[in-house]
Amino acid sequence: MNKPEKIKVLYVDDELNNLMGFKASFRVNYNILIAQNNEEALEHLKNHPDIRVIFSDQRMPDKTGVEFFEQIRGTYPKPIRILITGYTDVEAVINAINLGNVFRYVKKPWSEADILTAINEANKFYVANMLMETKNAELQIAYDELDKFAYSVTHDMRNPLLSILGAVELSREIDDISEIREMLHLIKESVGNLDAYIQNIHDYYNVNRGQLEISEIDFKDIVEEQLETHRLTAKMKQVNFNTRIVQNETFRGDAMSMKIILNNLLSNAFKYQKKERTDKNVELDIVVDAGELTMLIKDNGIGISGNHIGDIFNMFFRATSQDVGSGFGLYNVKDALLKLNGEIKVDSVINEGTTFTVKVRNK
Amino acid sequence: MSSLQPNFIVIDDSRLDCFISEKIIRNSGNSGSVRSFTEASEALQFIKDAPIIEHPKTVILLDIQMPVMSGFDFAEAFEQLNEDKKSDYIIFMVSSSTNESDRIRIGNYPSIRCLYKKPLNKEIINELIDQVFIAG
């Protein structure tokens, strides 16, 4: 049996007898650290960032307990501070609360029951604080994403619309039909851009807020759908599209996430081809074996330069201006895989091509 | 009136925006040549390789949000060029979203004159050209 790790408690007191008594009483249930002076206490705090509760005696020669707490509060805010003091030190208690921001105080001489209650309560408070900190960090990430999102929405959604508006205004001054045609072609590109962006937001929402729906997946169906989606692009761009499926067992997973992952990786594979190459090629290789799905998406396109490869999964990052893109696709892929507990690896050589390898465990 | 007409360089990742800008600039009747780039890095190379321009300055219309090299990345690199080279150009930023932080950021780049909101039109282009001659 794995016992949960003992809570670390630091006790600071200048009287060695008190320290020993404390340690003897509580060492069975807690990991007790003791310090006879300020210096030793600081050393413990430095070496044990996971100390949860600190008891300090108020009356000590170098520094009072309150002064000690006041000193460490900024550097070590996490441990819960408890002051041990006699009845007569009312002033100390008031200061403790106002300056040292202590959680509670225990009167001297302490009883075992007092200390146990204090540790328990302090620990609960500590855990609650930590939870809040994690939640706050998550919230901060969500806020940051929202910020980026708002900035991007105003730009990526407005820009194509404003371009189209500009083009319409301009068309009133153009008589040449071939120029109008050229402009219509570019307008279509802008509309496609906007539509892809909205589709990506939809995916983002599905990945982030949606629940996973685990069902049996037949990869023949999934690939069939992808072939259909990319057939036209493959034909227009003259790219060979080869698929291979080896499915030895039933696979249980979230079909929506699989679609988002494959669709984005394949779209990129078709988009970022080398225009001058005559043997343009995209390969999709799917193997379900021994409880694991492995998908290989391989192209012989423009590749990703080494200094961009670390950023490609970031929201709104784009490594090239070739073709339209929202900077959202690979972010969604990574996010979907995070939810599926899967992994993704990328191998790329500039001007030679890129291979993405996706692995997901069977549910 | 000066008979000199400034050349233009348009830097925008949207091909439609390049097309529109080119047309509006040409239709203004007050410009010299117009060149557009969908990659800012290519524009930068073009400027580095360009011969010295006597007069008037060449106008650069610079989009802010672009992949790989953004408008601000371009400005950063442009500021590193030597003074003679820089003095041949006058940069105007253009963007569909004119938020305050972009406006403030522009202050860090002496080569950037100001920020215009998309879509561009004939009036804006003529205003730009006026500014070129005021700037000398």
Side-chain angles (χ1 to χ4, degrees), chain A residues 147-148 150-176 179-194 197 271-272 302 304-305 307-308 311-312 314 316-329, chain B residues 10-29 34 36-45 61-74 93-105 115-126:
Chain A
D147 262 359
K148 274 191 189 172
Y151 186 73
S152 162
V153 164
T154 50
H155 179 269
D156 292 312
M157 290 182 76
R158 279 197 80 213
N159 204 44
L161 285 177
L162 291 177
S163 302
I164 293 164
L165 192 66
V168 171
E169 287 290 327
L170 186 63
S171 70
R172 295 198 297 204
E173 294 170 21
I174 298 178
D175 299 321
D176 185 349
E179 272 192 12
I180 297 274
R181 284 224 175 90
E182 189 185 347
M183 207 151 69
L184 282 175
H185 173 75
L186 293 169
I187 287 177
K188 192 180 156 201
E189 203 177 86
S190 272
V191 172
N193 221 340
L194 185 56
Y197 183 79
K271 256 187 217 170
Y272 304 115
I302 58 175
I304 306 160
S305 79
N307 53 348
H308 287 148
D311 293 319
I312 56 172
N314 292 348
F316 302 126
F317 178 80
R318 297 200 57 211
T320 173
S321 321
Q322 178 170 330
D323 218 315
V324 300
S326 59
F328 229 137
Chain B
V10 178
I11 308 172
D12 198 311
D13 62 319
S14 157
R15 294 203 292 152
L16 181 55
D17 283 2
C18 287
F19 180 89
I20 294 168
S21 301
E22 275 185 39
K23 280 273 172 285
I24 294 174
I25 293 164
R26 291 221 169 87
N27 289 353
S28 76
V34 188
S36 54
F37 296 88
T38 52
E39 298 248 6
S41 56
E42 284 172 17
L44 188 68
Q45 195 55 49
L61 294 183
L62 180 62
D63 184 29
I64 294 182
Q65 283 206 334
M66 293 183 287
V68 193
M69 188 184 233
S70 74
F72 285 113
D73 294 338
F74 175 88
M93 274 201 150
V94 286
S95 177
S96 53
S97 53
T98 53
N99 54 359
E100 203 46 38
S101 64
D102 285 342
R103 220 174 263 288
I104 292 165
R105 212 170 151 196
L115 174 66
Y116 281 102
K117 231 169 136 167
K118 282 184 189 176
L120 295 178
N121 55 39
K122 212 160 48 182
E123 287 69 36
I124 294 178
I125 296 298
N126 283 327

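Convention: sequence-line order gives letters A, B, ...; per-chain numbering from 1.
The part of A:Ser190 that comes within reach of chain B is its side chain, from C-beta onward, which places non-hydrogen atoms under 4.5 angstrom from that chain. Residue A:Leu161 does not touch chain B at all, counting heavy-atom pairs closer than 4.5 Å. The contact between A:Leu162 and chain B is made by backbone and side chain atoms together, counting heavy-atom distances below 4.5 Å.
Looking at heavy atoms from C-beta onward, B:Leu16 lies in side-chain contact with A:Ile164 at the 4.5 angstrom threshold. Two residues are said to be in side-chain contact when any heavy atoms from C-beta on lie closer than 4.5 Å; B:Val34 and B:Arg26 meet this criterion.
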Is there a side chain to side chain donor-acceptor pair (under 3.5 Å) between B:Thr38 and B:Asp13 once you walk through the steps?
CA-CA 4 Å; B:Thr38 52; B:Asp13 62 319; over 6 Å; no
Verdict with reasoning, A:Asn307 to A:Ser305, per side chain to side chain donor-acceptor pair (under 3.5 Å):
CA-CA 6 Å; A:Asn307 53 348; A:Ser305 79; 2.6 Å; yes
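Of the listed residues (B:Lys122, B:Lys118, B:Arg15), the one with the most heavy-atom contacts under 4.5 Å to chain A is B:Arg15. Highest contact tally toward chain B, considering only A:Glu182, A:His185, A:Glu169, is held by A:Glu182 [criterion: heavy-atom pairs under 4.5 Å]. In terms of heavy-atom pairs under 4.5 Å with chain B, the best-connected choice from A:Met183, A:Glu173, A:Arg158 is A:Met183.
A pairwise comparison of heavy atoms in B:Phe37 and B:Cys18 identifies O-SG, 4.1 Å as the closest pair.
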